[in-house]
*Asks:* 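So that we are looking at the same thing, I have put the structure below in structure tokens.
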Amino acid sequence: MTSDRLKIAMLVGEFPARSTTFIVNQIVGLLDRGHEVDIIASRRGDEDALDANLRDYALLERTTFTELPTSRIVRVAKAGLGVLSNAPKGGRGFARALNGRRYGPLAASGALLFGAFSLAPPRRYDILHSHFAPNGLRALFYRDAGILEGKIVTSFHGYDVNVFPRRYGKDVYRSLFADGDLFMANTDFILEGAAALGCPRDRLVRHPMGVDLSRYAFRARAEAKKDAIRIVSTGRLVEVKGFEFLLRAFQLVHADHPNTQLEILGDGPLRVPLESLARELGLADAVEFAGGVDQGEVQARYARADLFAMACVRGADGAEEGQGLVFAEAQACGLPVVATQTGGIPEAVRDGKSGFLVPDRDVDALAERLGWLVAHPEAWADMGSAGRRHVEAEFDRSELNIELERTYSELMGRD
């Protein structure tokens with residue numbers, strides 16, 4: 001535990017959310033190290049997304065939600081009360097909340113204005129750590145308005161580099177780049193993307209999201225062929241995750257190896273068409289759509305699986321996988337991986353050592369590599385061991401949180 005206790009505000013979007021459990025893990029790691037952490041979320045998520053093992057941390061009790069009321073009448077009423085209760089100092093903040101040039105699309109939506117009401121009176125922190133750059137713009141406004149105090153740290157993860165600027169303009173983060181104190185990118189791929197947008201390199205560092213290795217037990221996969229070979233895949237059912245291509249590749253593998261089973265963990269807008277595609281491909285009995293499951297269930301599925309596969313693609317909106325923490329989780333458990341050469345995935349998987357990488361949308365290449373692994377179980381143990389070593393060296397949450405703590409302290413001038 002550090003001798004200097006820091007007071008940290010984590011600014012996030014939806015909370016809790018199954019797609020961003022890595023943020024929860026970072027918060028818990030900082031709490032374990034003795035720091036005080038509050039959560040400022042723009043939307044209320046599904047409480048069931050929180051792993052049961054994390055309930056003792058009372059994370060929801062640490063959370064302030066700044067979401068816009070759905071009712072126009074309630075918005076007007078709250079706005080009036082907010083102005084009266086926060087004047088005169090708040091007047092400066094309310095005017096700034098409408099500055100679209102400085103705060104981008106968040107100003108037009110009214111989100112900043114209502115966020116200020118939710119957070120008043122002013123709060124002092126050492127660090128305002130925003131996950132995803134649009135939340136960095138929120139932090140900048142709150143600090144400008146005197147609502148929050150602290151050094152602004154912004155973590156880029158993917159969407160904020162390759163989708164948000166395409167939608168709102170390359171200069172959408174100009175004010176954040178000018179006045180933010182530190183920027184983090186989870187991979188070199190994302191780091192270069194942030195730099196290309198104008199993020200100053202002297203305030204930009206690489207800092208991956210980590211895995212709690214104590215919760216992902218390693219098991220060497222057996223060489224002997226089994227009655228059923230389980231292939232697991234996990235992620236939100238959206239275009240960028242490439243499940244359509246995984247299903248088509250699995251059809252080819254299953255034709256040669258009828259003892260293979262595919263388990264897809266996750267939910268999303270493409271679930272119905274993907275289930276329909278599985279039936280069309282004759283895979284109804286070989287593919288399980290498990291839906292949204294908590295981390296405990298994900299870990300249990302990893303533990304009994306033989307292989308891990310993902311077929312991520314570059315989306316039509318420019319989205320690409322930033323880091324893909326699921327690759328680290330799977331490798332921590334000893335699972336050989338088959339994945340695609342998109343985004344930051346080549347930094348997560350050691351091609352030819354802990355798994356195989358193929359071009360995205362290449363069904364034949366994906367099927368060939370996955371089929372090779374199914375047919376060569378004698379390679380599983382070595383690949384699994386290589387994957388575990390890679391994760392221990394690069395993605396150990398404990399070590400990464402020590403590094404994060406050191407970075408915070410240096411930013412605060414505490415050497």
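The residues of the chain are indexed from 1 along the displayed sequence.
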*Asks:* Would Y408 and H129 count as having a side-chain donor-acceptor pair, cut-off 3.5 Å?
*Replies:* yes
*Asks:* Run the salt bridge (Lys or Arg N to Asp or Glu O under 4.0 Å) test on E192 and R201 for me, step by step, so that the C-alpha distance in whole Å, both residues' side-chain angles and the decisive distance to 0.1 Å come before the verdict.
*Replies:* CA-CA 9 Å; E192 292 302 325; R201 285 186 178 268; 2.6 Å; yes
*Asks:* State whether the side chain of D351 and the backbone N or O of L357 hold a donor-acceptor pair below 3.5 Å, judged by distance alone.
*Replies:* yes
*Asks:* Any ion pair linking E275 and R271 (charged N to carboxylate O, less than 4.0 Å)?
*Replies:* yes
*Asks:* Taking it one step at a time, do R301 and E263 satisfy salt bridge (Lys or Arg N to Asp or Glu O under 4.0 Å)?
*Replies:* CA-CA 8 Å; R301 298 280 187 141; E263 301 174 5; 3.2 Å; yes
*Asks:* Is any side-chain heavy atom of Q341 closer than 4.5 Å to one of V358?
*Replies:* no
*Asks:* Would I39 and L59 count as a side chain to side chain contact (heavy atoms under 4.5 Å, CB included) here? Give the steps.
*Replies:* CA-CA 8 Å; I39 302 160; L59 296 180; 4.3 Å; yes
*Asks:* Without swapping roles, check the side chain of S385 against the backbone of D382 for a donor-acceptor pair under 3.5 Å.
*Replies:* no
*Asks:* Sub-3.5 Å donor-acceptor pair from the side chain of S233 to the main-chain atoms of I264, do we have one?
*Replies:* no
*Asks:* Could you tell me whether a side-chain N or O of T21 sits under 3.5 Å from a main-chain N or O of A17, the two making a donor and an acceptor?
*Replies:* no
*Asks:* Any salt bridge between D306 and R230, counting N to O under 4.0 Å?
*Replies:* no
*Asks:* Could you grab the distance from atom CG of L400 to atom CG of D212, nearest 0.5 Å is fine?
*Replies:* 11.5 Å
*Asks:* Side-chain donor-acceptor pairs under 3.5 Å in residues 314-323, sequence neighbours left out?
*Replies:*
unit_1: R314; atom_1: NE; unit_2: E320; atom_2: OE2; d: 3.2
unit_1: D317; atom_1: OD1; unit_2: A319; atom_2: N; d: 3.0
unit_1: E320; atom_1: OE1; unit_2: G343; atom_2: N; d: 3.0
unit_1: E321; atom_1: OE1; unit_2: K241; atom_2: NZ; d: 2.8
unit_1: E321; atom_1: OE2; unit_2: K241; atom_2: NZ; d: 3.2
unit_1: Q323; atom_1: OE1; unit_2: M209; atom_2: N; d: 3.0
unit_1: Q323; atom_1: NE2; unit_2: M209; atom_2: O; d: 2.9

*Asks:* Pairs in or reaching into residues 311-337: which pass ring-ring contact (aromatic ring centres under 6.0 Å, His included), with residues at least two apart or in two chains?
*Replies:* F308-F327
*Asks:* Could you go through Q331 and S354, starting from their C-alpha distance and side-chain angles, then the distance that decides it, and tell me whether this counts as side chain to side chain donor-acceptor pair (under 3.5 Å)?
*Replies:* CA-CA 7 Å; Q331 289 174 104; S354 65; 2.6 Å; yes
*Asks:* If we ignore angles and hydrogens, is there a donor and acceptor under 3.5 Å between the side chains of E329 and Y302?
*Replies:* yes
*Asks:* For the backbone of A284 and the side chain of R279, can you confirm whether one donor and one acceptor N or O come within less than 3.5 Å of each other?
*Replies:* no
*Asks:* So H157 and F22, ring pair (Phe, Tyr, Trp, His ring centres under 6.0 Å) or not? Walk me through it.
*Replies:* CA-CA 11 Å; H157 294 287; F22 54 86; 5.0 Å; yes
*Asks:* For residues H131 and L11, determine if any side-chain heavy atom of one lies less than 4.5 Å from a side-chain heavy atom of the other.
*Replies:* no
*Asks:* Contact between F177 and R174 at the side-chain level, heavy atoms closer than 4.5 Å - yes or no?
*Replies:* no
*Asks:* Is it true that the side chains of Y216 and Q295 contain a donor and an acceptor less than 3.5 Å apart?
*Replies:* yes
*Asks:* Between E239 and R361 (salt bridge meaning N to carboxylate O under 4.0 Å), is one present in this structure?
*Replies:* yes
*Asks:* Is there a donor-acceptor pair under 3.5 Å between the side chain of S130 and the backbone N or O of N135?
*Replies:* yes
*Asks:* Output yes when R369 and D362 qualify as a salt bridge under the 4.0 Å nitrogen-oxygen rule, no when they do not.
*Replies:* no
*Asks:* Counting N and O atoms only, with roles assigned by atom type, does the side chain of H254 sit under 3.5 Å from a partner on the main chain of T260, one being a donor and the other an acceptor?
*Replies:* yes
*Asks:* A side-chain contact here means heavy atoms from C-beta on lying under 4.5 Å apart; do R138 and L112 qualify?
*Replies:* yes
*Asks:* Under 4.0 Å between a Lys/Arg side-chain N and an Asp/Glu carboxylate O for R102 and D144?
*Replies:* yes
*Asks:* State whether F65 and R44 meet the cation-pi test: NZ (Lys) or CZ (Arg) under 6.0 Å from the six-membered ring centroid, and within 45° of the perpendicular axis.
*Replies:* yes
*Asks:* Does the Y173 side chain pair with the main chain of D160, one donor and one acceptor, at a distance under 3.5 Å?
*Replies:* yes
*Asks:* Evaluate H207 against S155 for side chain to side chain donor-acceptor pair (under 3.5 Å), listing each step before the verdict.
*Replies:* CA-CA 8 Å; H207 184 84; S155 287; over 6 Å; no
*Asks:* Got a sec, which residues hit ring-ring contact (aromatic ring centres under 6.0 Å, His included) with H390, two or more places apart in sequence or on another chain?
*Replies:* F395
*Asks:* For the side chain to side chain contact (heavy atoms under 4.5 Å, CB included) test, which of V24, I27, D32 pairs with Y57?
*Replies:* D32
*Asks:* Do side-chain atoms of K151 reach the backbone of G180 as a donor and acceptor pair under 3.5 angstrom?
*Replies:* no
*Asks:* Run the numbers on L281 and R248 for side chain to side chain contact (heavy atoms under 4.5 Å, CB included), then give the verdict.
*Replies:* CA-CA 8 Å; L281 296 174; R248 295 187 184 281; 4.1 Å; yes
*Asks:* Do the rings of H376 and W372 sit parallel, tilted or perpendicular, given the 30° and 60° boundaries?
*Replies:* parallel
*Asks:* Using only atom types and a distance under 3.5 Å, with no angle test, would you say the side chain of N259 pairs donor to acceptor with the backbone of A228?
*Replies:* no
*Asks:* Considering only NZ, NE, NH1 and NH2 on the basic side and carboxylate oxygens on the acidic side, decide whether D181 and R143 come within less than 4.0 Å.
*Replies:* yes
